[in-house]
Amino acid sequence: MRIQHPSRLTTLALTLITLVALGCSDASPEKMMTSAKDYLEKDNPAAAIIQVKNLLAKNPNAVDARLLLAQALLESGDPVAAEVELRKAIDLKAPTGQVAPLLVRSMMAQGKAQKAIEELANSSTTNAAELAQLNIALGQAHVMLNDIESAQKRFNAALAAEPDNASAQLGLARLAAIKGDFAAADRMVDGVLAKNPREADAWHFKGDLQRAAQKPLEAREAYKKVLDIKPNSTSVHANIIMLDLQDNKLEAAGKQLAEMQKVAPKQPLTVYLEALLAFSRKDIPAASAAIENLLKMQPENPQGLQLAGAIAYVKRSDVQAQEYLAKALQKAPQLDYARRILVKSYQRSAQPAKALATLQPVLSSKKIAHEWLTLAGEVFMQNGDTEKAADFFAQAAKADPDNMRAKTALALSQMQLGHADQGIHDLQQIAASDKGITADMALIASALRQKNFDDALKFIANLEKKQPDSALPHNLRGQALMGKKDIAAARQSFEKALTVDPAYLPAVTNLVALDLADNKIDQARQRYENVLAKNPKNVPALLSLAQLKARTGGSLDDVAGLLKKAISAEPNNPSPRFALISLLIGANEKDKARSVTEEALAALPDSPEILEAAGRVYQLSGDTNQALTIYNKLTNLLPDNPQSYLRIAEIQLAAKNKQAAHEILSKGLGRQPDSLPLQRAQIMLDVSEGRFNQALATANGIIKAQPKAPFGYVLAGDIHLAQKEGKAAAA
């Protein structure tokens with residue numbers, strides 16, 4: 001056998017690679033076009049793109065090649081590049097009938113259906129097949145805009161041009177489904193498949209119909225038929241993934257996503273599903289990274305904004321969640337999940353008025369879905385409208401008799417309305433029949449609040465039967481015994497909680513309070529250190545120990561060291577950063593406070609807690625411009641929070657700019673007209689300028705709104721005193 005010299009083998013390999021890379025560049029344009037079309041027929045748009053690009057490198061003005069490249073790009077999931085090629089084809093005088101259908105489809109894929117209709121609705125061609133394709137594309141654009149009547153006209157026009165056109169027939173079938181006539185839609189799809197069993201779009205829609213009919217197995221079978229015909233169909237991969245997620249089959253969804261990523265790794269739909277799967281797996285960092293990538297590609301995508309908002313909500317970043325979710329609802333008001341999360345975010349961030357405003361579109365509908373009723377009750381309760389809250393809780397309990405949360409909320413609302421005996425009776429019945437502990441906790445909380453400690457102990461005993469292995473009942477029993485002044489027994493209960501769960505922080509904190517009352521400071525510290533010995537990254541324990549040491553003579557470095565450990569353990573948690581900044585401000589360490597503040601702002605630029613602390617730091621260090629920038633950002637993020645308006649007014653007054661102070665207080669009162677801190681600041685400013693009548697008008701407004709509260713009378717007395725009207729002040 002003759003052995004080839006290594007250098008000759010290398011040369012031969014390089015020659016082969018070059019020939020492959022050139023895509024047989026010596027082939028004729030006709031052969032290259034034929035090859036590209038074959039690749040598209042075989043559902044391999046990537047290979048088709050290579051072939052057509054080679055052809056266009058030799059002849060950039062080849063209109064047919066330009067159109068074929070656009071089609072391949074569109075099928076590969078790159079509608080933006082497809083539109084670029086189609087615009088070039090138009091410049092090259094490509095026939096309208098060939099370019100217009102593709103251009104409509106590429107614009108639709110970018111969410112520009114309205115623009116596509118406006119630009120191309122009057123396009124025409126004498127070729128029947130091209131006319132049918134144009135009408136089908138425009139019909140689909142009208143469907144996207146929910147203009148059913150116009151869509152139907154377009155699909156019928158397509159059938160007039162080509163009576164057997166399957167895509168037009170499927171378009172009409174989709175319209176039947178949209179109108180709720182699923183039986184007709186199913187018959188029409190079966191009619192298309194009877195003539196052409198390998199019509200991929202028909203199988204796709206068949207799967208959609210089965211999915212809508214809650215038949216996941218049949219839907220999967222139909223979708224797999226599509227993949228047998230067109231293995232690279234990204235939308236079908238997506239539908240199968242959604243079915244898997246719906247059934248909580250996360251492993252199967254992951255495998256299907258891996259297949260989809262082979263086909264279209266950079267397509268927005270692929271990236272969205274990557275984020276959704278990570279979110280379903282509770283992998284929040286991966287979900288955040290993926291959704292960030294999606295929003296770079298499609299910043300206005302409502303589904304993407306909804307998911308981004310949900311991720312931010314889970315991260316407890318309410319400001320960011322509210323920004324994403326409000327934008328999603330602006331783009332697509334029908335997004336029920338986005339609205340629900342936004343309401344909950346407003347509730348959690350103590351903005352009940354905004355929660356109610358967000359809820360209004362749901363309440364104005366003729367029929368309110370039962371899953372909204374309990375949430376509506378909670379929102380009205382938070383807004384102080386107990387009667388409406390009780391009404392919604394009653395509706396929720398009636399709509400879903402097994403919903404213990406709704407029943408418990410109804411019982412609590414009855415107690416708020418003054419029907420205490422009835423409420424407690426209802427809660428006891430719920431607790432007896434429900435395996436959950438919501439009603440038990442409500443009973444215990446009510447008894448403790450009313451200082452009915454013996455009743456509380458009975459309710460805690462029932463809770464312990466449901467949760468015999470939990471530390472919670474022992475900790476609650478300790479609190480009840482503390483109320484009865486039985487300190488020794490309370491201590492035993494708290495210690496019992498720690499035998500069940502040595503890291504149960506509520507019990508540790510209660511024991512620390514007892515230790516401090518006995519002046520056992522070292523023992524108190526040791527309790528938190530015991531928790532940290534088991535879990536050095538327990539942030540609540542680190543914060544509690546830092547607070548304890550700060551109160552009991554710990555050094556600045558020691559306390560700061562604990563807070564820095566908490567920051568390292570949870571970099572996205574604003575609480576330890578806020579505590580460290582506050583510590584350094586209290587110690588008058590302005591330079592260190594500023595350094596820590598700037599690190600915190602870089603990590604959490606939209607955290608209200610960090611912005612509030614940063615404003616204080618800049619204000620104390622004399623950097624009033626930076627402080628104003630921070631406080632103005634805070635007023636934009638939380639327009640209903642009076643504190644930032646007060647801080648800005650304070651800075652403006654220090655600069656002797658009373659007009660600016662008036663303006664910012666007026667702006668704050670425009671958002672929160674009943675805010676007592678803002679009203680008091682406005683009164684003090686008016687008094688300082690001798691505008692006693694305006695100050696009294698504000699004080700009298702407070703008295704009128706709250707005639708039984710002392711605040712307005714005190715302010716009115718101060719105003720009279722400032723005018724040396726002692727008799728009026730005394731009154």
Side-chain angles (χ1 to χ4, degrees), residues 43 45 74-79 105 108-111 113 140 143-144 166-167 169-171 173-178 180 182 185-186 188-190 192-193 197-281 287 290-291 294 297-298 301-304 306-307 310 332 334-337:
D43 199 28
L74 190 56
E75 293 191 19
S76 73
D78 192 348
R105 287 173 54 202
M108 280 172 54
Q110 298 172 67
Q140 290 166 345
V143 170
M144 186 176 278
S167 296
Q169 290 170 342
L170 289 173
R174 285 190 174 90
L175 294 183
I178 289 169
F182 294 103
D186 208 31
M188 294 165 82
V189 174
D190 287 342
V192 172
L193 288 170
R198 288 187 62 79
E199 180 61 54
D201 288 344
W203 282 115
H204 192 165
F205 186 51
K206 182 81 172 175
D208 294 343
L209 287 172
Q210 299 292 1
R211 188 175 163 197
Q214 303 292 317
K215 296 179 179 178
L217 291 176
E218 292 86 343
R220 275 191 181 85
E221 288 176 11
Y223 290 141
K224 285 176 181 176
K225 291 271 192 182
V226 180
L227 293 180
D228 289 341
I229 302 162
K230 295 179 70 175
N232 294 341
S233 176
T234 54
S235 60
V236 173
H237 284 290
N239 284 338
I240 294 173
I241 291 167
M242 292 301 292
L243 282 171
D244 289 333
L245 290 175
Q246 186 180 310
D247 292 343
N248 202 31
K249 296 178 179 177
L250 301 186
E251 187 177 348
K255 289 178 181 176
Q256 195 70 43
L257 178 62
E259 293 300 313
M260 186 176 180
Q261 286 169 327
K262 292 176 187 175
V263 176
K266 295 181 181 179
Q267 194 177 98
L269 183 57
T270 310
V271 180
Y272 170 78
L273 289 168
E274 181 186 346
L276 186 60
L277 178 58
F279 184 66
S280 301
R281 288 172 169 163
I291 205 66
L294 174 70
M297 292 185 272
Q298 293 186 335
N301 184 314
Q303 295 286 350
Q306 174 177 254
L307 182 54
Q334 76 280 5
L335 288 176
D336 191 77
Y337 180 66

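Atoms considered below: every heavy atom in the structure, side chains included; atoms not considered: hydrogens, waters and symmetry mates. For the single chain, residues carry numbers from 1 onward in sequence order.
- Contact annotation: the side chain of Met108 approaches that of Met144 to within less than 4.5 Å [non-hydrogen atoms, C-beta and beyond].
- Closest approach of Val189 to Ala202, counting heavy atoms only: CG1-O, 3.5 Å.
- Atom CD of Glu221 and atom CD of Gln210 lie 8.5 Å apart (nearest 0.5 Å).
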### Task
Show your reasoning for whether side chain to side chain contact (heavy atoms under 4.5 Å, CB included) applies to Asn248 and Leu250.
CA-CA 6 Å; Asn248 202 31; Leu250 301 186; 3.8 Å; yes
#### Entry: Candidate pair Met242 and Leu276, rule side chain to side chain contact (heavy atoms under 4.5 Å, CB included), full reasoning
CA-CA 9 Å; Met242 292 301 292; Leu276 186 60; 3.6 Å; yes
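- The shortest non-hydrogen separation linking Ile229 to Pro197 is CD1-O, 4.4 Å.
- With Leu273 as reference, Leu269 is the one residue of Leu277, Leu269, Val271 to meet the side-chain contact (heavy atoms from CB on, under 4.5 Å) rule.
- The shortest distance between side-chain heavy atoms of Leu257 and Thr270 falls below 4.5 Å.
- In this structure, CE on Met297 lies 13.0 Å from CD on Gln110, to the nearest 0.5 angstrom.
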### Message
Does Glu259 form a salt bridge (charged side-chain N to carboxylate O under 4.0 Å, His left out) with Lys262? I'd like the steps, not just the answer.
### Response
CA-CA 5 Å; Glu259 293 300 313; Lys262 292 176 187 175; 3.1 Å; yes
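- Scanning all heavy atoms of the two residues, the minimum distance from His237 to Pro231 falls at NE2-O, 3.1 Å.
- With hydrogens and angles left out, the side-chain atoms of Gln306 and Gln303 include a donor and acceptor closer than 3.5 Å.
- Surrounding CD of Glu251 are at most 12 heavy atoms belonging to other residues, nucleotides or ligands under 6.0 Å away.
- Residues Ser235 and His204 form a side-chain contact, since some pair of their non-hydrogen atoms from C-beta on lies under 4.5 Å apart.
- Note: Gln256 CD to Leu245 CG = 11.0 Å, rounded to the nearest 0.5 Å.
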### Task
Output, in order, the C-alpha distance, side-chain angles, deciding distance and verdict of salt bridge (charged side-chain N to carboxylate O under 4.0 Å, His left out) for Asp201 and Lys230.
CA-CA 10 Å; Asp201 288 344; Lys230 295 179 70 175; 5.1 Å; no
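- Atom CD in Gln246 sits 13.5 Å away from atom CD1 in Ile241 (nearest 0.5 Å).
- Taken from CG in Leu294 to CD in Glu274, the straight-line distance is 10.0 Å, to the nearest 0.5 Å.
- Here the side chains of Lys206 and Lys225 are not in contact, with every heavy-atom distance at 4.5 Å or above.
- Between Ala287 and Ala278 the shortest heavy-atom distance is N-CB, 3.5 Å.
- Here the shortest heavy-atom pairing between Ala219 and Leu243 reads CB-CD1, 4.0 Å.
- With 3.5 Å as the limit, one finds a donor-acceptor pair spanning the side chains of Tyr223 and Asp208.
- When all heavy atoms of Leu307 and Ala275 are compared, the pair lying nearest together is CD2-CB, 3.7 Å.
- A heavy-atom distance below 4.5 Å is found between the side chains of Met260 and Thr234.
- For the atom pair CZ (Arg220) and CG (Leu227), the distance works out to 12.5 Å, reported to the nearest 0.5 Å.
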